[in-house]
J.: 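Here it is, the structure in full.
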Amino acid sequence: MKEKIISAVLFGMGTSIAVPLINVDVNIGLINHQPSGYVEYPADSGNKLDLKDRLGIKGSTKPMARAKAEVAVIGVYAQYMPMAFRGDKTTTTTLTYGGTTFDANQTIKSDLKLDRYDVALYLNVPFVGFVTGGVLDLEVGLNGRFMNYEGSVTGKVTAGSITAEQTESAKGSLFIPMLYGGASINLGKVSVHAEVRGIKYKNSTYYDLTGELRISPFSLPGFAKFYAGLGYRTERVFLKEEFDTNADIQINSPFVNVGVSF
């Protein structure tokens with residue numbers, strides 16, 4: 001009887017992956033980022049620049065990688081998701097960004113690069129897997145997002161009788177603490193996964209939501225399960241005078257991946 005109780009507890013602590021106490025999941029894929037929204041820098045003194053209509057920012061496809069490891073009910077989640085956007089747009093009016101007013105009737109060029117690293121420490125909610133027969137998993141925890149960014153706007157500027165090309169740029173690094181939550185529904189060869197990360201600070205909000213459908217065509221019983229995933233991710237940042245910036249930017253991102261869990 002004692003052995004049965006211990007076995008039940010251990011099963012409830014684990015997830016639906018084969019090994020009850022040590023679970024690993026790794027996947028790589030491609031993600032297509034489509035940005036929209038506006039940015040105003042400096043806040044309340046620059047122009048409110050629509051990313052598509054004023055800057056001509058276009059979407060881009062980049063690689064992505066994720067890895068999770070759990071020991072009993074404690075897990076670590078790492079994620080790498082770079083972004084890079086480029087745009088050019090012919091404007092008939094002047095444009096003010098970063099304290100510089102660019103001339104009218106020219107093509108403005110814009111570049112934005114974001115390298116993002118997420119590391120989350122989470123709790124796999126105990127006994128949920130046991131109570132639901134391994135169908136449902138729930139995770140809650142804290143996420144740290146490390147972000148390296150570099151952005152620039154380039155165009156012609158006239159000072160007196162002299163016209164010259166000028167670039168207004170900014171770059172730096174940020175650490176953003178966020179809450180993390182995850183859920184998965186496991187139905188044999190098909191599973192559904194959802195994730196949310198977010199933070200609210202003063203008048204600013206930053207969050208992302210991810211949904212993914214995974215299909216596992218084959219596995220090595222007792223060792224590993226291979227899968228292909230199709231998902232959609234939406235990320236939104238709303239800044240109100242934070243970093244001397246007003247912005248409301250949304251990035252919608254369909255993705256595909258392949259992975260293995262064991």
Side-chain angles (χ1 to χ4, degrees), residues 31-62 64 79 81-102 104 107-118 143-155 167-181 194-211 231-255:
I31 185 166
N32 179 255
H33 301 292
Q34 295 292 333
S36 61
Y38 74 87
V39 61
E40 180 187 33
Y41 173 72
D44 302 324
S45 60
N47 290 143
K48 183 182 287 187
L49 303 178
D50 187 278
L51 297 184
K52 292 184 175 180
D53 294 341
R54 293 297 304 274
L55 297 178
I57 293 291
K58 301 176 180 64
S60 67
T61 300
K62 291 290 181 180
M64 60 180 291
Q79 177 175 252
M81 190 176 297
M83 295 183 184
F85 305 109
R86 177 165 291 181
D88 56 79
K89 189 73 173 182
T90 300
T91 179
T92 57
T93 61
T94 59
L95 182 154
T96 300
Y97 177 82
T100 297
T101 299
F102 296 91
T107 299
I108 299 293
K109 298 179 181 179
S110 306
D111 287 280
L112 176 62
K113 180 180 179 182
L114 297 172
D115 283 333
R116 297 119 53 77
Y117 308 83
D118 285 293
N143 186 88
R145 176 162 294 172
F146 303 86
M147 183 181 298
N148 296 322
Y149 66 90
E150 185 173 351
S152 66
V153 174
T154 300
T167 297
E168 190 69 35
S169 62
K171 64 179 180 179
S173 300
L174 293 173
F175 171 74
I176 305 172
M178 309 173 81
L179 297 177
Y180 165 76
E195 298 175 5
V196 58
R197 294 172 177 82
I199 184 174
K200 183 173 178 60
Y201 178 73
K202 295 182 179 179
N203 295 321
S204 299
T205 304
Y206 184 26
Y207 68 85
D208 60 68
L209 306 171
T210 303
Y232 194 85
R233 184 178 185 276
T234 185
E235 176 176 339
R236 189 165 186 175
V237 56
F238 177 78
L239 301 179
K240 181 62 176 177
E241 298 179 349
E242 198 68 35
F243 310 112
D244 197 23
T245 301
N246 290 331
D248 187 356
I249 298 172
Q250 184 165 339
I251 303 174
N252 296 320
S253 309
F255 64 88

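Just so it is clear, the structure is predicted and the values come from calculations on it, not from any experiment. For the single chain, residues carry numbers from 1 onward in sequence order.
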J.: Would you please name every residue forming a ring pair (Phe, Tyr, Trp, His ring centres under 6.0 Å) with Y41, sequence neighbours left out?
T.: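 By the ring pair (Phe, Tyr, Trp, His ring centres under 6.0 Å) rule, Y41 matches Y97.
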
J.: How would you list, by chain and number, every residue that makes a side chain to side chain donor-acceptor pair (under 3.5 Å) with S152, sequence neighbours excluded?
T.: none

J.: Mind checking what makes side chain to side chain donor-acceptor pair (under 3.5 Å) contact with T61, not counting sequence neighbours?
T.: N32

J.: Restricting to side chain to side chain donor-acceptor pair (under 3.5 Å), what partner residues turn up for T154, sequence neighbours left out?
T.: T167

J.: My understanding is that only one of T210, N143, D118 makes a side-chain hydrogen bond (donor to acceptor under 3.5 Å, both in side chains) with Q79; could you say which?
T.: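 Checked T210, N143, D118 against Q79; only one passes side-chain hydrogen bond (donor to acceptor under 3.5 Å, both in side chains): D118.
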
J.: From T93 OG1 over to F102 CZ, what is the distance, rounded to the nearest 0.5 angstrom?
T.: 13.0 Å

J.: Using 4.0 Å as the upper bound for N to carboxylate O, is an ion pair formed by D208 and R145?
T.: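 Result for this pair is yes, salt bridge flagged.
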
J.: List for me each residue that meets side-chain contact (heavy atoms from CB on, under 4.5 Å) alongside L209, sequence neighbours excluded, and say none if there are none.
T.: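 side-chain contact (heavy atoms from CB on, under 4.5 Å) list for L209, sorted by chain: V196, Y207, T234.
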
J.: Holding to side-chain contact (heavy atoms from CB on, under 4.5 Å), I want the full list of residues that pass it with K62, two or more places apart in sequence or in another chain.
T.: S60, P82, A84

J.: Over all heavy atoms of both residues, which pair between L114 and Y149 is shortest? Give the atoms and the distance, please.
T.: CD2-CB, 3.4 Å

J.: Between Q34 and S253, what is the shortest heavy-atom contact and its length?
T.: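 So the two residues come closest at N-OG, 4.5 Å.
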
J.: Scan residues 42-58 for pairs that pass side-chain hydrogen bond (donor to acceptor under 3.5 Å, both in side chains), counting only residues two or more places apart or in two chains.
T.: D44-N246

J.: According to side chain to side chain donor-acceptor pair (under 3.5 Å), who are the partners of T92, at least two apart in sequence or on a separate chain?
T.: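 Applying side chain to side chain donor-acceptor pair (under 3.5 Å) to T92 gives none.
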
J.: Looking only at heavy atoms, what is the nearest atom pair of P177 and F175, with distance?
T.: CD-O, 3.8 Å

J.: Might you work through the side chain to side chain contact (heavy atoms under 4.5 Å, CB included) test for I176 and I199, ending with a clear yes or no?
T.: CA-CA 8 Å; I176 305 172; I199 184 174; 4.0 Å; yes

J.: Who passes ring pair (Phe, Tyr, Trp, His ring centres under 6.0 Å) against Y201, sequence neighbours left out?
T.: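 Not a single residue meets the ring pair (Phe, Tyr, Trp, His ring centres under 6.0 Å) criterion with Y201.
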
J.: For T96 and L49, which heavy atoms make the closest approach, and how far apart are they?
T.: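 Taking T96 first and L49 second, the nearest heavy atoms are O-CD1, 4.4 Å.
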
J.: Could you tell me whether K109 and D88 make a salt bridge, using a distance below 4.0 angstrom between a side-chain N and a carboxylate O?
T.: no

J.: For the atom pair CZ (R233) and CG (N252), what is the distance rounded to the nearest 0.5 Å?
T.: 10.5 Å

J.: Hey, what do you get for NZ (K113) to CZ (R86), rounding to the nearest 0.5 Å?
T.: 11.0 Å

J.: Considering all heavy atoms of both residues, which atom of L51 and which atom of P35 are nearest to each other, and what is their separation?
T.: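 Result for this residue pair: CD1-CB, 4.2 Å.
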
J.: Side chains of H33 and M81, heavy atoms from C-beta outward: is any pair under 4.5 Å?
T.: yes

J.: Can you list every pair that meets salt bridge (charged side-chain N to carboxylate O under 4.0 Å, His left out) and has a residue in residues 243-253, with sequence neighbours left out?
T.: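 Listed by first then second residue: R236-D248.
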
J.: Is there a side chain to side chain contact (heavy atoms under 4.5 Å, CB included) between F243 and L174? Walk through the geometry before answering.
T.: CA-CA 11 Å; F243 310 112; L174 293 173; 3.8 Å; yes

J.: Can you name the closest pair of heavy atoms from G98 and P42 and give their distance?
T.: N-CD, 3.9 Å

J.: What pairs with S204 under side-chain contact (heavy atoms from CB on, under 4.5 Å), at least two apart in sequence or on another chain?
T.: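 S204 satisfies side-chain contact (heavy atoms from CB on, under 4.5 Å) with L239, E242 once adjacent residues are dropped.
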
J.: How many angstroms lie between NZ in K89 and CD1 in I108, if you round to the nearest 0.5 Å?
T.: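 Answer rounded to 0.5 Å: 12.5 Å.
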
J.: Please identify each residue that fulfils ring pair (Phe, Tyr, Trp, His ring centres under 6.0 Å) with Y117, with sequence neighbours left out.
T.: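 Ring pair (Phe, Tyr, Trp, His ring centres under 6.0 Å) list for Y117, sorted by chain: Y80.
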
